[in-house]
Amino acid sequence: MLKTIIIGASGYTGAELALMVKKHPKLTLSGLYVSANSVDAGKSIGQLHGKLAGLLDMPVQPLVDVEPVAKSCDVVFLATAHEVSHDLAPLFLAQGCQVFDLSGAYRVQDEAFYTQFYGFKHQHHAWLEKAAYGLAEWNASAIAESQLVAVAGCYPTASQLAVKPLLVEGLIDETQWPVINAVSGVSGAGRKATMTNSFCEVSLQPYGVFTHRHQPEIAAHLGCDVIFTPHLGNFKRGILATITMKLAQGANENQVAQAFMNAYQGKPAVRLHSTTLPRIQDVELTPFCDIGWKVSGEHIIVVSAIDNLLKGASSQAMQCLNIHYGFDELTALV
């Protein structure tokens, strides 16, 4: 059994991970942690998240001294802020722990990216170069080999899974940048109450236009420039991405369908819809990404849907763990 801890356990993603670890036949949950000054320290996870009451009543402990915690575990999930993950990951890695980081701290191998989009200077260049990008369906070999897996972001997951098969097969005219419009539920903003995610204030609206940090993550890993516009929706969880692209000259609908089949045959967390378009309600509370498409003339619209807290975060992290250790990909997820 792999002794597993979660740091940042009191948030939405941490709570989802805790339940997955509890259900996993090869993992044992050996600790739940939050920052030393967190108001959640000392409370049980079941008290913080009522759906876990009676299932998992382990206390959430303040993380005061990393070294003894690191020496007591095999696997670490970092469900922490970017700057926190940036600092903590090397400490656990130095003790031989396997680290799955759900923040953006190690996703893009470009130092300038962090200064511009995350507001801090990256100090751990060696680990940045060694980190495997945790987009499970496309990077299994690196995930299996790396001690540090930087789990892909929620918007980048929904976007890349929809676009990458067509780029790989050369079916997209890249002179017309893919246009990605994606809507997320408010849980993507985290659990802390603000005016942004107050029920009375939330209305369907775009944000981060031309400035959102997930645009360069998407572009870097696709190898293709994109226009990405995120939207906040007045619902709890899920992401729906609608992506408009121009097909390469001569590309047709049969080639599109074959490209998706080639990419995702045997990939259990992706479900293809050849006749209907995905809906959030079909993926909510599941680890799946549903993908559908329509072709008209020289243009294609691809729609993808995920649960932002699961395939966009925690279940993808667990999927990466399963790949790394050679377990069935959907262990503890379905």
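Note that the coordinates shown come from a computational prediction; the quantities given were computed from them, not determined experimentally. Here, residue 1 is the first one in the sequence, and each next residue gets the next number.
- For Y264 (side chain) and I291 (main-chain N/O), no donor-acceptor pair under 3.5 Å exists by modelled atom type.
- The main-chain N or O of E83 is never found under 3.5 Å from a side-chain atom of S85 such that the two would form a donor-acceptor pair.
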Ring pair (Phe, Tyr, Trp, His ring centres under 6.0 Å) evaluation trace for F327 with H24: CA-CA 10 Å; F327 307 142; H24 202 293; 5.3 Å; yes
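- The aromatic rings of H86 and Y106 sit parallel to each other, their planes meeting at less than 30°, with 60° as the upper class boundary.
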Residues H273, R279; criterion side-chain hydrogen bond (donor to acceptor under 3.5 Å, both in side chains); working and verdict: CA-CA 11 Å; H273 295 243; R279 308 180 303 171; over 6 Å; no
Pair Q319-E137, side-chain hydrogen bond (donor to acceptor under 3.5 Å, both in side chains): steps then yes or no: CA-CA 9 Å; Q319 194 179 348; E137 284 71 24; 2.9 Å; yes
Would you tabulate the side-chain donor-acceptor contacts of residues 218-230 under 3.5 Å, counting partners in other chains and residues two or more places apart, or write 'none'?
residue: H221; atom: NE2; partner: R107; partner atom: O; Å: 2.8

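- A side-chain contact (heavy atoms from CB on, under 4.5 Å) with C154 holds for exactly one of I239, L309, D307, L310; it is I239.
- Side-chain contact, N262 with Q258: a donor N or O sits under 3.5 Å from an acceptor N or O.
- Contact of the F77 side chain with the V21 side chain is registered, since non-hydrogen atoms from C-beta on lie closer than 4.5 Å.
- The pair E67-K71 meets the salt-bridge criterion, since a charged nitrogen lies less than 4.0 angstrom from a carboxylate oxygen.
- Under a 4.0 Å N-O distance rule, the pair K164/E169 does not qualify as a salt bridge.
- Shown here is K26, whose NZ atom has no more than 12 heavy atoms of other residues, nucleotides or ligands within 6.0 Å.
- Annotation: F260 is in aromatic contact with W293 [ring centroid separation under 6.0 Å].
- Under the 4.5 Å side-chain heavy-atom criterion for Ile, Leu, Val, Met, Phe, Trp and Tyr, L19 and I45 are members of the same hydrophobic cluster.
- In this structure, K51 pairs ionically with E16, as a charged nitrogen and a carboxylate oxygen lie closer than 4.0 Å.
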H212 and Y155: CA distance, side-chain angles, deciding distance, ring pair (Phe, Tyr, Trp, His ring centres under 6.0 Å) verdict: CA-CA 10 Å; H212 197 280; Y155 282 126; 5.7 Å; yes
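- The side chain to side chain donor-acceptor pair (under 3.5 Å) check on S35 picks up N37, with sequence neighbours excluded.
- For the pair N322/D328, no side-chain contact is recorded, criterion being any heavy-atom separation below 4.5 Å from C-beta on.
- Closest non-hydrogen pair, V186 versus L232, comes out as CG1-CD1, 3.4 Å.
- The shortest distance between side-chain heavy atoms of T244 and I180 does not fall below 4.5 Å.
- A donor-acceptor contact shorter than 3.5 Å is absent between the side chain of N139 and the backbone of A136.
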Residue pair Q123, Y114: steps toward the side-chain hydrogen bond (donor to acceptor under 3.5 Å, both in side chains) verdict: CA-CA 10 Å; Q123 304 292 332; Y114 293 94; over 6 Å; no
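- Of the charged side-chain nitrogens involved, at least one lies within less than 4.0 Å of a carboxylate oxygen, so that D290 and R271 count as a salt-bridged pair.
- The local environment of NZ in K23 is crowded, with over 12 non-hydrogen atoms from other residues, nucleotides or ligands closer than 6.0 Å.
- Ring geometry for H122 against H125 counts as tilted: the plane angle lies between 30° and 60°, on a 0 to 90° scale.
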